[in-house]
2 protein chains.
Amino acid sequence: MTTYAKPSQQSSGHNHSECVSEALITAEHLCFERGVQLTPIRHKVLELIWESHKAVKAYELLDRLKPLQQAAKPATIYRALDFLIEQGLIHRVESLNAFVGCHCSGHQHEQLLLICKHCQEVEERSAKEVMLALSDEIKQAGFIVHSKAIEIHGVCSTCQKMPGVPGDRE
Amino acid sequence: MTTYAKPSQQSSGHNHSECVSEALITAEHLCFERGVQLTPIRHKVLELIWESHKAVKAYELLDRLKPLQQAAKPATIYRALDFLIEQGLIHRVESLNAFVGCHCSGHQHEQLLLICKHCQEVEERSAKEVMLALSDEIKQAGFIVHSKAIEIHGVCSTCQKMPGVPGDRE
DNA sequence: AGATTAATGTTATAATATAACATTAATCCG
DNA sequence: CGGATTAATGTTATATTATAACATTAATCT
Ligand SMILES: [Zn+2]
Ligand SMILES: [Zn+2]
Ligand SMILES: [Zn+2]
Ligand SMILES: [Zn+2]
């Protein structure tokens, strides 16, 4: 039995289908305004990433795309991912070699990712104070920033409440 | 003493051979105190990582280790790396799939890495203010931390001064 | 010495990612 | 419109990064 068909809808108790359709509509909008093409493949990949709030792997996406796109190959996925990242529609989670939908779908914004090792969900936070302190630190170092990755691994508040899921390392 | 490769000694103008021998002595000390074995292979891999302040790839290390360790295979390197990371003697740079020597060689400390795309050198900073703000943000999110990765890509102050190396994206 | 654990050797393969070139589709411009 | 140009996708091959599984050797313990 395929288990990835219906990913957990638990995500902090919100209505995820609304959450997804919002993300897709926003993406369509942004791409239109920017005069870039959210082609069917790119759109589908974005939709697949948004199936849950978990970080998803490139080859997992490939497996899911294949039934819908006969010709799908690694390059198909990686090109779509490149595009989506460029447009700020998804984030690459460096510490997982995986990808996650971006909530604040604009261009090139700061990001703090809270990654749960229990449920694999990724929460994105703007973390203004952190970013401020960070800018300061970087300025002090005389460094010119191109991109930032702030990735925190641990156990999310939801999973902490579940029985048999201690917050400490196993 | 082996001295092939001759990696760039530029690193912020410091005496890097002293820098390395210090790191190695500290490592030997720590391992002894902890009752863990800094075996010849592990020691050599650590030394190879410390050849420069650049992040170095696993298979690059493998290539450099082979002449000295006939039997070296991927597993040889990855096991040594696992050990060194566990002991807090090196950091894994998630966004590069690479490894870099740790200055503040203790156990499991916070880290902010400034990664230069021009010279590939990685500067580690304790960034107290950032870490404080970060702890706060994480607490607010009700998240339990296991590990943090803060990786900033850009151009270091040294490279900014060099001709033909603009700070902006190429 | 014999048992136990830790480290390394060895072979194979999994998982992630890109290069290079061919083909098709979209857009531009006269 | 029709040819030129650019953008997107198809296709094949391969590079890069990482782990699994089991055998052997070395270190440590009693
Ligand atoms: Zn949602
Ligand atoms: Zn969770
Ligand atoms: Zn140095
Ligand atoms: Zn530099």
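Here is the naming used below: chain letters follow the sequence lines, and residue numbers restart at 1 for every chain.
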Distance in Å, A:Arg92 CZ paired with A:Cys102 SG, rounded so as to fall on 0.5 Å steps = 15.5 Å
Would you call the rings of B:His14 and B:His53 parallel, tilted or perpendicular if under 30° counts as parallel and over 60° as perpendicular?
-> perpendicular
To the nearest angstrom, the CG-P distance between B:Leu81 and C:dA7 comes to 15 Å
Exactly one of B:Ile77, B:Val45, B:Ile85 clears side-chain contact (heavy atoms from CB on, under 4.5 Å) with B:Phe99, and that residue is B:Ile85
Joining Ile, Leu, Val, Met, Phe, Trp and Tyr whenever any side-chain heavy atoms lie under 4.5 Å apart, the cluster holding A:Val100 also takes in A:Val93, A:Leu96, A:Leu113, A:Ile115, A:Val122
Nucleotides 11-19 of chain D: protein proximity per nucleotide (B base, S sugar-phosphate only, - neither; heavy atom, under 4.0 Å) = BB----BBB
Rounded to the nearest 0.5 Å, how far apart are NZ of A:Lys44 and OG1 of A:Thr39?
-> 13.0 Å
By the Watson-Crick or G-U definition, both distances under 3.5 Å, D:dA4 is matched with C:dT27
So what's C:dA22 paired with, Watson-Crick or G-U wobble, going by both distances under 3.5 Å?
-> D:dT9
Is the phosphate of C:dG9, meaning OP1 or OP2, less than 4.0 Å from a side-chain N or O of B:Gln69?
-> yes
CD1-OG distance between B:Ile150 and B:Ser95, expressed to the nearest 0.5 angstrom = 12.0 Å
Any side-chain N or O of B:Gln37 less than 4.0 Å from the OP1 or OP2 oxygen of C:dA7?
-> yes
